[in-house]
Amino acid sequence: MRHWLMKSEPSTFGLEHLKASPNRSTLWDGVRNYQARNMLRDDFKRGDLAFFYHSSCAEPGVVGIIQILCAGYPDPTAFIRNHPHHDPKSSRAAPRWYTVDVKFKRELKRIIGLAELQNHAALAAMPLLRRGNRLSITPVSAAEWDYILSLE
DNA sequence: GCCAACGTTGGC
DNA sequence: GCCAACGTTGGC
């Protein structure tokens with residue numbers, strides 16, 4: 001089982017939106033970056049866990065834990081004309097973008113903020129903390145996962 | 001294949 | 001709102 005960190009802007013889709021979704025579940029659509037796409041397509045498996053990270057907001061940081069419900073599959077929103085995530089270069093015959101279904105697992109007892117994460121040498125290798133990183137999906141090692149949870 | 005221009009991300 | 005960093009596009 002792998003661990004991940006998945007960013008979302010709470011003003012667009014935050015942990016509260018996920019909790020309010022039917023079955024507290026949704027598809028993680030709209031990823032339009034090839035590196036992140038490759039991870040969704042090739043590496044995500046049913047049963048993986050991910051940190052839900054709030055970005056571009058007053059208090060950026062890890063806010064919750066979500067479960068990955070299935071392996072990656074073609075992102076259907078890319079096929080829908082007039083959808084904000086539509087991409088005419090992606091087709092059902094040759095899908096360009098991938099998604100996974102995710103489910104709310106739990107909220108952290110407190111937000112573990114970006115500034116706090118940056119203060120721990122044990123987390124220095126996390127792609128999230130690398131200067132200039134903009135990937136919306138990044139892997140988290142088992143050691144990093146446990147360490148972050150120990151901060152909670 | 002190079003690289004300038006442009007658009008986006010995301011912290012501050 | 002600013003701006004650094006990065007990815008993508010497209011002319012050549």
Side-chain angles (χ1 to χ4, degrees), chain A residues 2-21 26-44 48-68 71-141 143-145 147-152:
Chain A
R2 294 202 190 206
H3 299 91
W4 306 96
L5 183 142
M6 301 169 79
K7 291 184 198 173
S8 186
E9 300 184 20
S11 59
T12 304
F13 190 88
L15 195 63
E16 296 308 309
H17 295 94
L18 181 59
K19 281 169 72 175
S21 300
T26 189
L27 78 169
W28 198 267
D29 61 321
V31 173
R32 297 292 180 267
N33 168 282
Y34 287 103
Q35 259 185 280
R37 186 281 308 271
N38 291 346
M39 290 187 271
L40 288 171
R41 186 190 59 192
D42 304 332
D43 301 327
F44 271 63
D48 288 355
L49 293 174
F51 286 131
F52 197 119
Y53 178 94
H54 281 171
S55 65
S56 290
C57 58
E59 212 176 350
V62 177
V63 296
I65 296 175
I66 56 181
Q67 294 176 300
I68 308 306
Y73 63 95
D75 183 345
T77 65
F79 308 140
I80 302 170
R81 261 178 239 290
N82 301 322
H83 192 284
H85 299 154
H86 179 239
D87 181 355
K89 292 174 182 166
S90 186
S91 66
R92 292 181 192 278
R96 174 172 295 201
W97 306 115
Y98 281 69
T99 186
V100 293
D101 293 338
V102 305
K103 186 179 176 74
F104 176 86
K105 183 174 170 72
R106 73 173 177 90
E107 198 163 350
L108 295 194
K109 295 169 196 146
R110 65 184 186 89
I111 297 175
I112 301 178
L114 176 63
E116 180 178 353
L117 295 174
Q118 287 167 333
N119 280 336
H120 292 272
L123 304 176
M126 289 184 72
L128 172 76
L129 304 180
R130 276 205 313 258
R131 178 182 172 81
N133 168 67
R134 296 185 340 197
L135 265 187
S136 65
I137 294 177
T138 51
V140 176
S141 74
E144 290 159 350
W145 180 270
Y147 188 90
I148 290 171
L149 286 181
S150 78
L151 300 175
E152 185 183 10

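Since the model is a prediction, treat every value here as computed from it, not as a measurement. Naming: A, B, ... by sequence-line order, numbering from 1 per chain.
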Check every atom of dC6(C), dC12(B), dT8(C) against the side chain of Tyr34(A) and return the nucleotide holding the closest atom. dT8(C)
At under 4.0 Å between heavy atoms, what does Glu9(A) touch on the DNA or RNA strands: base, sugar-phosphate, or nothing? nothing
Checking ring pair (Phe, Tyr, Trp, His ring centres under 6.0 Å) against Trp4(A), which of Trp145(A), Phe52(A), Phe44(A), Phe51(A) comes through? Phe44(A)
Calculate the interatomic distance between Leu135(A) atom CG and dG7(C) atom P; express it in whole Å. 7 Å
Would you confirm whether Asp48(A), through its side chain, and Arg2(A), through its main-chain N or O, come within 3.5 Å as a donor-acceptor pair? yes
Would you mind reading off the distance between Asn33(A) atom CG and dC6(C) atom P, rounded to a whole angstrom? 13 Å
Atom-to-atom span, CG of Leu128(A) to C1' of dG10(B) - whole angstrom: 11 Å
Given dT9(C), dG11(B), dG7(B), which nucleotide is nearest the side-chain atoms of Lys89(A)? dT9(C)
Backbone N/O of Arg96(A) and side chain of Arg37(A): donor-acceptor pair under 3.5 Å: yes
Consider the side chain of Arg134(A), meaning its heavy atoms from C-beta on, and name the nucleotide among dG10(B), dC12(B), dT8(B) that approaches it most closely. dT8(B)
Donor-acceptor under 3.5 Å (Ser136(A) side chain, Lys7(A) main chain): no
Axis bend over the full length of the helix from dG1(B)-dC12(C) to dC12(B)-dG1(C), computed from five pairs that close each end, to 10 degrees: 10°
Arg130(A) CZ to dG11(B) C1', straight-line distance once rounded to whole Å: 17 Å
When the distance from CZ of Arg32(A) to C1' of dT9(C) is rounded to whole Å, what number comes out? 18 Å
At under 4.0 Å between heavy atoms, what does Ser55(A) touch on the DNA or RNA strands: base, sugar-phosphate, or nothing? sugar-phosphate
Using whole Å, what does the distance between atom C1' of nucleotide dG10(B) and atom CD of Gln118(A) come to? 12 Å
Separation of Asp87(A) atom CG from dT8(C) atom P, in whole Å? 12 Å
Could you measure the distance from the CG atom of Leu149(A) to the CG atom of Leu108(A)? Nearest 0.5 Å is fine. 7.0 Å
What nucleotide among dG10(B), dG11(B), dC6(C) has an atom nearest to a side-chain atom of Leu114(A)? dG11(B)
Would you confirm whether Arg32(A), through its side chain, and His85(A), through its main-chain N or O, come within 3.5 Å as a donor-acceptor pair? yes
Lys7(A) side-chain N/O to dG10(B) phosphate OP1/OP2 under 4.0 Å: yes
For Tyr34(A) together with Trp97(A), are the ring centres under 6.0 Å from each other? yes
